[in-house]
K.L.:
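I'd like to ask you about the structure that follows.
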Amino acid sequence: DFNLIINSMPIKNNSKKEEQINFVIGLGRSGFWAAKFLRSIGKRVIVWESNENKELLKTKEMLEKLDIPVSLNKQFLFNEFSPFLKQIESVVVSPAIPFDHKTIIKLKEKGIVVTGEINIAWQSLKDTNWIGITGTNGKTTVTHLLSHILKESKLFAPFAGNIGTPLCKIAYSQKNKNIDWLVAELSSYQIEMAGLCIKPKIGIWTTFTEDHLDRHETLDNYFQIKNNLLKQSEFRIYNYDDKYLRKNYKSFENGVWITTNSNELDLDQCDYWINNEKYIVERREILLSLKNFKLKGNHNEQNLLLAVAAARKIGLSPQRIKDALLSYKQLPHRLETIYDHNELEIINDSKATNFDSSIAGINAINDDLIIIAGGRLKSGNSNEWVKIIKKKVQAVFLFGESSETLKHLILEGGFKKDIFTFNNLSEVINYTYSYIKSNHKQTLLFSPSCSSFDQFKDYEQRGDVFKKLIYEKF
């Protein structure tokens with residue numbers, strides 16, 4: 001059991017002979033901080049990374065100054081571990097490496113502890129109050145919004161995990177002893193690697209739709225991974241507006257439920273909802289008005305209710321929550337208005353990396369719109385996406401690896417308006433500029449509906465490139 005092994009590890013190893021080795025596989029943000037943290041508690045650490053570039057060479061240099069050897073261009077193969085088998089204390093793998101990777105299986109067969117960055121951080125931070133937030137869509141917004149609401153009430157509540165700050169960076173920080181609440185966004189990859197190690201005080205499940213099936217294989221497997229986090233949580237918050245979660249209402253552990261519908265049938269099942277006058281209601285008592293909430297779309301109202309339910313569990317007053325909403329600034333790449341001039345609004349929703357998040361974005365906009373979509377197609381049902389495009393979209397601009405496939409799906413769904421395909425974003429923006437000028441359209445939505453990995457490092461880089469191209473052209 002990894003917890004027992006880590007707990008029995010000496011926190012400081014002052015002996016000259018550091019026999020046992022902790023391998024860290026992958027030199028992304030989480031690998032870097034896992035290595036740094038383990039070294040800071042006296043562990044012997046070796047890092048392997050399968051790529052090599054300028055950025056990685058700089059990172060290698062930084063770690064080697066801390067007496068952490070780094071090998072670049074090193075493949076994750078079992079035979080590479082052969083010389084070290086008797087010395088390995090743990091192998092910490094990147095969340096990008098599948099749980100059933102043949103090297104992981106072979107290491108486990110040899111009785112070697114294979115773990116993730118999140119497990120390492122948990123051992124240092126398990127006495128901290130954790131809020132674990134998961135879900136297919138919405139988890140980053142809920143994490144960021146809840147952290148903001150708590151901070152505005154003078155609570156030390158950093159956000160971390162999949163949202164950008166690795167949990168081992170929090171563990172490494174001297175300030176971690178002062179944390180009131182650690183607001184952690186946890187992906188299915190992280191939860192899968194963590195097993196049953198993470199036990200949050202509060203667990204939040206935002207949404208559940210088909211995603212990452214290239215990794216998790218079946219929808220049920222993906223569902224069980226997410227559900228493990230909630231089962232391990234002391235207090236649970238669920239989204240009743242999500243079809244799949246609602247269907248499982250009776251099978252879930254007891255928890256609090258939210259809905260944006262004021263349908264009387266739904267209200268019997270839920271603890272928080274939004275009434276017809278746009279007030280948040282808590283168990284039939286008016287809590288606060290939605291008028292201070294600036295984010296677009298019904299999906300963001302769901303996100304708000306999930307954050308409010310957690311803030312109320314922690315003990316915040318309605319007035320404190322209301323005040324925090326006034327100063328909340330939206331995260332980039334999520335229905336982010338980047339241009340609003342001469343009756344034209346341009347919105348960057350690069351975070352829409354699957355059909356469901358794209359549908360939520362399109363639904364949030366009342367005007368007829370033009371959309372730009374494309375990238376690397378994920379598995380998932382496109383029927384609802386195709387329907388809403390036919391209903392609400394005036395023109396579609398497609399780019400990247402999936403452009404021809406998406407065009408085929410849209411035309412097959414009966415779309416009769418303008419549809420164009422391009423190789424890359426730059427070509428799209430050049431053409432879109434002329435199209436908007438001659439057709440006087442009011443809203444341009446960048447809603448890729450796909451992952452970014454065909455042409456970009458991640459959705460953030462894709463969104464930044466989109467913004468740069470728009471600012472240059474408009």
Side-chain angles (χ1 to χ4, degrees), residues 2-3 6 9 11-12 22-49 55-70 90-97 115-134 139-140 142-148 150-151 155-187 189-191 193-194 197-201 229 331-332 457-461:
F2 178 69
N3 293 356
I6 286 284
M9 286 182 181
I11 291 300
K12 277 287 172 197
N22 294 272
F23 280 93
V24 173
I25 310 301
L27 197 45
R29 282 182 291 205
S30 65
F32 173 81
W33 283 102
K36 213 169 161 182
F37 173 68
L38 283 169
R39 190 74 196 112
S40 76
I41 59 169
K43 300 292 169 190
R44 184 178 172 197
V45 182
I46 294 175
V47 177
W48 289 352
E49 163 59 52
E55 206 177 306
L56 288 168
L57 284 164
K58 270 189 211 164
T59 310
K60 169 182 162 84
E61 208 175 296
M62 284 161 67
L63 288 179
E64 289 187 338
K65 282 178 184 164
L66 300 171
D67 198 21
I68 301 170
V70 177
S90 72
V91 178
V92 183
V93 297
S94 157
I97 297 171
T115 187
E117 176 251 352
I118 184 173
N119 306 59
I120 302 288
W122 172 261
Q123 290 312 315
S124 171
L125 299 168
K126 63 184 175 199
D127 294 330
T128 303
N129 294 316
W130 282 55
I131 302 168
I133 299 164
T134 198
K139 58 187 177 292
T140 305
V142 173
T143 303
H144 189 253
L145 176 59
L146 179 54
S147 172
H148 172 80
L150 299 179
K151 283 174 183 174
L155 292 168
F156 183 28
F159 58 81
N162 197 50
I163 194 170
T165 304
L167 286 151
C168 273
K169 184 176 181 182
I170 303 280
Y172 179 84
S173 163
Q174 295 307 305
K175 293 182 191 164
N176 72 53
K177 303 288 179 279
N178 305 321
I179 292 173
D180 294 302
W181 289 90
L182 177 57
V183 190
E185 179 192 330
L186 302 173
S187 71
Y189 296 0
Q190 289 171 311
I191 299 166
M193 191 54 73
C197 160
I198 312 301
K199 298 182 169 94
K201 285 274 187 292
L229 181 76
L331 280 162
K457 186 176 77 171
D458 51 30
Y459 75 84
E460 290 161 307
Q461 188 197 37

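Positions are given from 1 along the sequence. Nothing here was measured: the structure is a model prediction, and the numbers come from that model.
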K.L.:
What residues, two or more places apart in sequence or in another chain, satisfy ring-ring contact (aromatic ring centres under 6.0 Å, His included) together with Y459?
P.N.:
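Once residues adjacent in sequence are excluded, Y459 has no partner under the ring-ring contact (aromatic ring centres under 6.0 Å, His included) criterion.
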K.L.:
Are any side-chain N or O atoms of R39 and backbone N or O atoms of L66, one a donor and one an acceptor, separated by less than 3.5 Å?
P.N.:
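Yes, R39 side chain to L66 backbone: donor-acceptor pair under 3.5 Å.
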K.L.:
For a 4.5 angstrom cut-off between non-hydrogen side-chain atoms, does W122 reach I118?
P.N.:
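With C-beta onward as the side chain, the pair stays apart.
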K.L.:
Taking the side chain as C-beta and beyond, is there a heavy-atom pair between K151 and F159 under 4.5 Å?
P.N.:
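A side-chain contact under 4.5 Å exists here.
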K.L.:
Between CG of N119 and CD of Q190, what distance do you get to the nearest 0.5 Å?
P.N.:
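Spacing of CG (N119) from CD (Q190) equals 10.0 Å.
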K.L.:
So, taking the atom named NZ in K60 and the one named CZ in F32, what distance separates them when rounded to the nearest 0.5 Å?
P.N.:
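Interatomic distance, K60 NZ to F32 CZ, rounded to 0.5 Å: 14.0 Å.
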K.L.:
Which pair of heavy atoms, one from E49 and one from L27, lies closest together, and at what distance?
P.N.:
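Nearest heavy atoms, E49 then L27: OE1-N, 2.7 Å.
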K.L.:
Considering only heavy atoms from C-beta outward, does the side chain of N176 approach that of T128 to under 4.5 Å?
P.N.:
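Heavy-atom side-chain distance check fails, nothing below 4.5 Å.
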K.L.:
Measure the spacing between OG of S124 and OH of Y172 and express it to the nearest 0.5 Å.
P.N.:
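Between atom OG of S124 and atom OH of Y172 there are 12.5 Å.
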K.L.:
Please report the shortest heavy-atom distance between A157 and V183, naming the atom on each side.
P.N.:
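Closest pair (atom of A157, atom of V183, distance): O-CG2, 4.1 Å.
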K.L.:
Taking all non-hydrogen atoms of both residues into account, name the closest pair between P166 and W33 and its distance.
P.N.:
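Of all heavy-atom pairs spanning P166 and W33, the closest is CG-CD1, 3.7 Å.
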K.L.:
Starting at SG of C168, measure out to CD of Q123 and round the result to the nearest 0.5 Å.
P.N.:
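Between atom SG of C168 and atom CD of Q123 there are 11.0 Å.
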K.L.:
Could you measure the distance from the CD1 atom of I41 to the NZ atom of K43? Nearest 0.5 Å is fine.
P.N.:
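I41 atom CD1 to K43 atom NZ measures 5.5 Å (nearest 0.5 Å).
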K.L.:
Calculate, to the nearest 0.5 Å, the distance between atoms NZ and CZ belonging to K169 and R29 respectively.
P.N.:
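That separation rounds to 9.5 Å.
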K.L.:
Looking at E117 and V92, what are the two nearest heavy atoms and their distance?
P.N.:
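Distance-wise, the nearest heavy atoms are N-CG1, 3.7 Å.
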K.L.:
With the side chain counted from C-beta on, respond yes when I170 and P158 share a heavy-atom pair under 4.5 Å apart, and no when they do not.
P.N.:
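They are in contact (side-chain heavy atoms under 4.5 Å apart), so the answer is yes.
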K.L.:
If you take all heavy atoms of E185 and T143, which pair is closest and at what distance?
P.N.:
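Nearest heavy atoms, E185 then T143: CB-OG1, 3.4 Å.
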K.L.:
Which atom names give the shortest non-hydrogen contact between V70 and E64, and what distance separates them?
P.N.:
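Looking at all heavy atoms of both residues, the shortest contact is N-OE2, 3.1 Å.
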K.L.:
Quick check: does any side chain N or O of N129 sit under 3.5 Å from a backbone N or O of D180, one acting as donor and the other as acceptor?
P.N.:
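Looks like yes, one N/O pair under 3.5 Å.
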K.L.:
Between T59 and E55, is there a donor-acceptor pair closer than 3.5 Å when you use the side chain of the first and the backbone of the second?
P.N.:
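Yes; at least one donor-acceptor contact below 3.5 Å.
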K.L.:
So if I apply the side chain to side chain contact (heavy atoms under 4.5 Å, CB included) rule between L186 and each of I163, I133, L167, which one comes out positive?
P.N.:
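So the option named by the test is L167.
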